[in-house]
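As structure tokens, the structure follows; a few thoughts come after it.
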Amino acid sequence: MAEQQPAITLERVCKSFGPNHVLRDVSLTLPAGKILVMLGPSGTGKSVLLRCLVGLMKPDSGRIFIEGQDITALDERRSADREQLFALRRKFGMLFQDGALFDDMCVGDNVAFPLRQHEKMSEREIADRVAQYLEAVGLKGVQRKMPAELSGGMRKRVAFARAIALRPKIVLCDEPSSGLDPVMSATLDELILELHRKFAITFVVISHDTAEARNIADYIGLLYKGELQEYGPKEQVLRSSRRHINQFFDRSTDGPIKVL
Amino acid sequence: MAAVICGARIGATLAASLANMQISEQVEALEVMAVDPMRLLVAPRLWAVTLMLPLLCGYADVVGLAASYYAATEQMGVNGGTFMEQVRDIVHLGDLAAGVFKGMVFGWLVAIVSCYHGYRALKRDGAEGVGVATNRAIVHSAVLCIVLNMFMSALLYVR
């Protein structure tokens, strides 16, 4: 049987903003259908990495392959490339840190938005799908509410329902547990695991939360000062003797990771 | 004048809404969903303002004429019939057409300038970025409308 294409491959990816080197020679391979939790202190390039993965930012050098296709070779300004880039992006769902819900649309329309844009479904089918996903995130019957009426946790869950509405192959989550209470974080983790089990979705989760990494990760990475200090299957990383990873998991101030 | 007043108001709304979408990552969310933000957010606003501002200019013409009629007849004692006769002598269809045409051009200009400033706002600018984008949209739209009006009036009316 042919070996399955990795979901994501990064080859020596570098990204700088002026003198600030945000990503330095980051290389990794994530097999399809796995959950990667990328850990690291604030300001170490985790969100930039996520944006590079989906083509919102272009690395200065290095290449990023999504299911074998080089997303860094596509230039958004060229119309032919733009079509390909959009086709590639349809493989993604993304949960933004603050949800990024459309303010002028109700919850139901927010979740229905990608379906209306990309699927040939009747309004009835869309309404059913929206109800199904909102129920899955524990928000039954909130379709008519506006985003401004929701709490932070609810907004995040609605955004999660929107991110998975098209049943993407890869879901990127930018700090899904930040600002949530522990119970809500655990609920979101359960949801990620359930979707992963049900649809074999590949997840890339950006987080500070080591408990989250222990609970849901198949692979763990640790970014610090733009460099990938550690990366591999969870068991291997948790057994690592590298001081960066030990300091992070021990929540210690003593070690190579300094407060920026 | 109607274009400048309405343009500033419309431009402020356009710039603020787009800038707010930028700083709250809504525009990026659209891009990740493989939806072209230019087509979804900018193009309809451009068409809407370009097509509606001439109607607003026409409406302003009617209100201006009614106000003049009231001032002339009630305050200055001019006979209503004489006023309308004077209006018919002085105002030609070409003047109204020029007003509508200018409204269309100003609408397009206001929409382009406002969408540009709103779209250029960055997440890191935060709420202040929305204010700056709105301010720039109002000032630039108004100044450009006034300057362009000078050239257009010269072209349309100087014979």
Side-chain angles (χ1 to χ4, degrees), chain A residues 17 43 47-48 50-57 66 71 74 76-77 79 82-105 110-119 147-148 155 158-160 162-166 168 170-175, chain B residues 9-49 51-52 110-112 114-135 137-138:
Chain A
F17 296 101
S47 295
V48 171
L50 220 55
R51 280 171 165 70
C52 288
L53 285 181
V54 77
L56 288 174
M57 281 182 185
I66 306 300
I71 197 166
L74 302 174
E76 207 169 343
R77 288 165 298 186
S79 63
R82 197 170 170 80
E83 292 297 316
Q84 278 190 55
L85 184 63
F86 276 14
L88 211 50
R89 280 185 183 159
R90 287 199 51 191
K91 294 180 181 190
F92 286 98
M94 186 161 171
L95 170 61
F96 285 83
Q97 205 169 342
D98 298 317
L101 295 178
F102 303 126
D103 294 333
D104 54 351
M105 289 184 194
N110 260 286
V111 181
F113 183 83
L115 298 170
R116 289 193 178 119
Q117 290 292 322
H118 296 299
E119 298 282 345
R155 287 172 70 91
V158 172
F160 194 76
R162 188 180 67 180
I164 59 173
L166 284 171
I170 303 168
V171 175
L172 311 176
C173 303
D174 195 355
E175 301 196 11
Chain B
R9 188 172 143 67
I10 295 165
T13 310
L14 288 188
S17 71
L18 285 180
N20 181 50
M21 290 189 81
Q22 280 286 14
I23 65 157
S24 58
E25 297 177 316
Q26 293 174 54
V27 175
E28 281 194 345
L30 283 173
E31 289 189 52
V32 175
M33 283 186 250
V35 174
D36 185 353
M38 284 289 169
R39 195 171 291 177
L40 192 89
L41 301 176
V42 176
R45 285 167 167 80
L46 195 63
W47 277 108
V49 183
L51 295 177
M52 293 313 288
V110 165
I112 286 277
S114 306
C115 287
Y116 171 77
H117 285 301
Y119 206 81
R120 254 173 45 116
L122 298 172
K123 189 191 171 194
R124 64 166 183 260
D125 298 333
E128 195 187 341
V130 179
V132 170
T134 309
N135 190 27
I138 294 170

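What you see is a predicted model; the values in this text were computed from it and never measured. So you know, we letter chains A, B, ... as the sequences are listed, proteins then strands, and number each from 1. Heavy atoms only: backbone and side chains are in, while hydrogens, waters and symmetry mates are out.
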Checklist entry - Under a 4.5 Å heavy-atom cutoff, which of Asp104(A), Leu101(A), Leu166(A) has the most pairs with chain B? => result Leu101(A)

Next on the checklist: A quick test of your reading: do over 12 heavy atoms of other residues, nucleotides or ligands sit less than 6.0 Å from CE of Met52(B)?
Outcome noted: no

Checklist entry - Which atoms of Leu88(A) come close to chain B, meaning under 4.5 Å heavy atom to heavy atom: side chain ones, backbone ones, both, or neither? => result neither

Checklist entry - What pair of heavy atoms forms the shortest contact from Gln97(A) to Glu25(B), and how long is it? => result N-OE1, 4.2 Å

Checklist outcome for this item: Heavy-atom closest pair (Phe86(A) atom, Ala34(B) atom, distance to 0.1 Å) is O-CB, 3.3 Å

Checklist entry - How far apart are the C-alpha atoms of Arg51(A) and Glu28(B), what are their side-chain angles, what is the distance that settles it, and do they pass the side-chain contact (heavy atoms from CB on, under 4.5 Å) test? => result CA-CA 9 Å; Arg51(A) 280 171 165 70; Glu28(B) 281 194 345; 2.8 Å; yes

Checklist outcome for this item: The single option from Leu172(A), Val54(A), Leu95(A) that satisfies side-chain contact (heavy atoms from CB on, under 4.5 Å) with Val32(B) is Val54(A)

Checklist outcome for this item: dist Phe113(A):CZ -> Leu40(B):CG (nearest 0.5 Å) comes out at 5.0 Å

Next on the checklist: At a heavy-atom distance under 4.5 Å, which candidate from Glu31(B), Met21(B), Met33(B), Gln26(B) has the highest pair count against chain A?
Outcome noted: Gln26(B)

Checklist outcome for this item: If you tally heavy-atom pairs under 4.5 Å between each of Arg89(A), His118(A), Arg90(A) and chain B, the highest tally belongs to Arg89(A)

Checklist entry - Is the count of non-hydrogen atoms from other residues, nucleotides or ligands lying under 6.0 Å from Arg9(B) atom CZ greater than 12? => result no

Next on the checklist: Which atoms of Asn20(B) are under 4.5 Å from chain A, going by heavy atoms: the side chain, the backbone, both sets, or neither?
Outcome noted: side chain

Next on the checklist: Surrounding CD of Glu119(A) (heavy atoms of other residues, nucleotides or ligands, distance under 6.0 Å), is the total greater than 12?
Outcome noted: yes

